[in-house]
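Naming convention: chains lettered A, B, ... in sequence-line order (proteins, then strands); numbering from 1 in each chain. Source: prediction; values computed, not measured.
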Amino acid sequence: MTSSVLIFGLVNSAILMLTALGFSLIFGLSGVANLAHGAIYLSSGYVAWIFLNSLGLPYFLAVPLTIVAAGLLGAAIYWLVIMRVRGLGLSEVIATFAVGVAILEFFRWMGFVTYEFNLPVLIKGSLDISGVSVDYQRLVIVGVGILMAALLWLFAHHTKIGLALRGMAQDEYTALSLGIDSDWAAALSMALGSAIAALAAVVTLPLGIISINLGYEVLIMALAVTVLGGLESITGLVVGALLLGFARTVTGTYFDPKWMEVVYLIALVLVLAVKPSGLFGKYKELEERV
Amino acid sequence: MLEVKNLMVFFENALAINDLSLEVKAGEFVGIFGSNSAGKTTLMNTIAGLTLHKQYREQRKGGERITIVGKILLDGEDIMLIKPDYRVKKGIVLCRERHPVFKDNTVHENLLLGGYLRNGREVKESIEFVYDLFPALDRLKGRKSGLLSGGEQEMLAIGMALVARPRLLLMDEPLLGLSPAMQQEVVRAVKRLSQEGLTILLSEQYARPIMPLIDRGYVIENGTLIVTGTGEELMDNPEVKAAYFGM
Ligand SMILES: Nc1ncnc2c1ncn2[C@@H]1O[C@H](COP(=O)(O)OP(=O)(O)OP(=O)(O)O)[C@@H](O)[C@H]1O
Ligand SMILES: [Mg+2]
């Protein structure tokens, strides 16, 4: 029992972190609370499915293409929608939420409503870890999660573009006066965050069936992790994901699985009520925007 | 090098810069003097393109109506409608007022960011130059810049602008809020930069330490040019004496 809680808690945390990573990155770097995040995640799942099943592309081509497509979609959303309302916090939230709903409902309208859509796992089979059987895909998720967190940290702290994006997030006019283009930076953050959402979709969706409502659930998950961990810090994000992931697993194991989804909402409400800047957050921005 | 012709800047219907013309020749050190809300920052931001950026931004979201008219020429080319990052590429770099630095980043990272548009070799050279100009920064290079004192942040802000390799360096009130010792340090650096041939346009409210160094200066009030002349001419002008030297 304990080892299963440990293992699945870790897996759930990795899933949460991966799904929240793109959202948190965009908010941290460009200040946009991208409520289309869940829709980008889910549509990447459908796009991957189309690449694999309708176009018959091999897995190792379909996945990178999906990630690139999501990146382009993110940049397009910035140029076509967000740029026009930039700086008007509430309008940004409404606009991105509207885009998200439009994307999700578009797939519903296209007929992606049956339970036949799922993505293949990277490696079939499972492994026995101290008496608990864990399938390889869940291990892949943990691995990808750790790898992405590390890569993003390196990107933000040790690359010129990462430094420039963080600079833009801190002080737009000073960044501009040094020659960094603010719209370019924000569009790039949107592209990166969306590409990461697609990666998260491709590795986590094989665990279940793809359905439209997942788009809304993923958004809530991302909001909960980000609010809990505070913004702009990958450490906060990891800790937020671990707390929620284990809370979820413990709830499912010792109480009743039907309470598992409620854990996010309870955590969201509690954190906003008690420490609105998040457990590690310096900034009190998200609750002002959401 | 830089020519500003009949510049007017309106925020809604309020006139912040009124029919202002000025010139900075290559290698010159030119001062802009004026008291609070004279229009110094507006002028600097307009030359650097930040006002244009704000104008577009506000227009897009239906906010404040900003109007810019007149001409800004760099080496004879009209740059009125050029975005701020391209102006940096062309060599106009602004060191903004109140020493804004990227507070979450270390001193060294801030300097690297200053060189965003320049190549690795140029950035390395420039950072070495900055550490030589302000040895204090060299000692603090690993420190988060949010923890620096105001004076240290001012040195860093000037350093960042220098790593961007300006041909024309704009400095907006670099002495604002600094202790006398720190002011001396900044004045010494500016003097050295000017002597090494850098073209500088500097705005300041506190004219006393700057006026003796400049080639030419402009005094503005409420966005309007009051007097212009060489440093000596300005220091001899009775109005300027009364306003800036309390004589
Ligand atoms: N975005 C803005 N909207 C409306 N008015 C503005 C704006 N920016 C500046 N102003 C006005 O323009 C005038 C000039 O301001 P500016 O900041 O250029 O003065 P300054 O000489 O830099 O003053 P200080 O010494 O206090 O920095 C002021 O009356 C100011 O209120
Ligand atoms: Mg000013």
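Across B/L112, B/L117, B/V101, the residue that shares the most heavy-atom pairs under 4.5 angstrom with chain A is B/L117. Of the listed residues (B/L113, B/V93, B/L94), the one with the most heavy-atom contacts under 4.5 Å to chain A is B/L113.
Using a 4.0 Å cut-off between a side-chain N of Lys or Arg and a carboxylate O of Asp or Glu, B/R57 and A/E172 qualify as a salt bridge. Of the charged side-chain nitrogens involved, at least one lies within less than 4.0 Å of a carboxylate oxygen, so that B/R165 and B/E125 count as a salt-bridged pair. A salt bridge links B/K90 to B/E77: one of the charged nitrogens lies within less than 4.0 Å of a carboxylate oxygen. A salt bridge between A/D181 and B/K83 is present, with a side-chain N of the basic residue lying under 4.0 Å from a carboxylate O of the acidic one.
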Should B/F11 and B/T42 be marked as a side chain to side chain contact (heavy atoms under 4.5 Å, CB included) after you check the CA-CA gap, both sets of side-chain angles, and the distance that decides it? CA-CA 10 Å; B/F11 294 106; B/T42 306; 3.9 Å; yes
Decide side chain to side chain contact (heavy atoms under 4.5 Å, CB included) for A/S182 and B/H53; before the verdict, give the C-alpha distance in whole Å, the side-chain angles of both, and the deciding distance to 0.1 Å. CA-CA 10 Å; A/S182 72; B/H53 177 85; 3.2 Å; yes
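Using a 4.5 Å heavy-atom cutoff, the side chains of B/S194 and B/I200 are in contact.
Residues of residues 145-156 of chain A placed with any heavy atom under 4.5 Å of a heavy atom in chain B are absent; none qualify. For a heavy-atom cut-off of 4.5 Å, chain A lies close to no residue in residues 127-141 of chain B.
Shown here is B/K89, whose NZ atom has more than 12 heavy atoms of other residues, nucleotides or ligands within 6.0 Å.
Judged as a side-chain hydrogen bond (donor to acceptor under 3.5 Å, both in side chains), and not counting sequence neighbours, the contacts of B/T46 are B/T51. B/N45 pairs by the side-chain hydrogen bond (donor to acceptor under 3.5 Å, both in side chains) definition with nothing, not counting sequence neighbours.
Residue A/S91: no heavy atom, backbone or side chain, is found under 4.5 Å from chain B.
No side-chain N or O of A/Y78 forms a donor-acceptor pair with one of A/S30 less than 3.5 Å apart.
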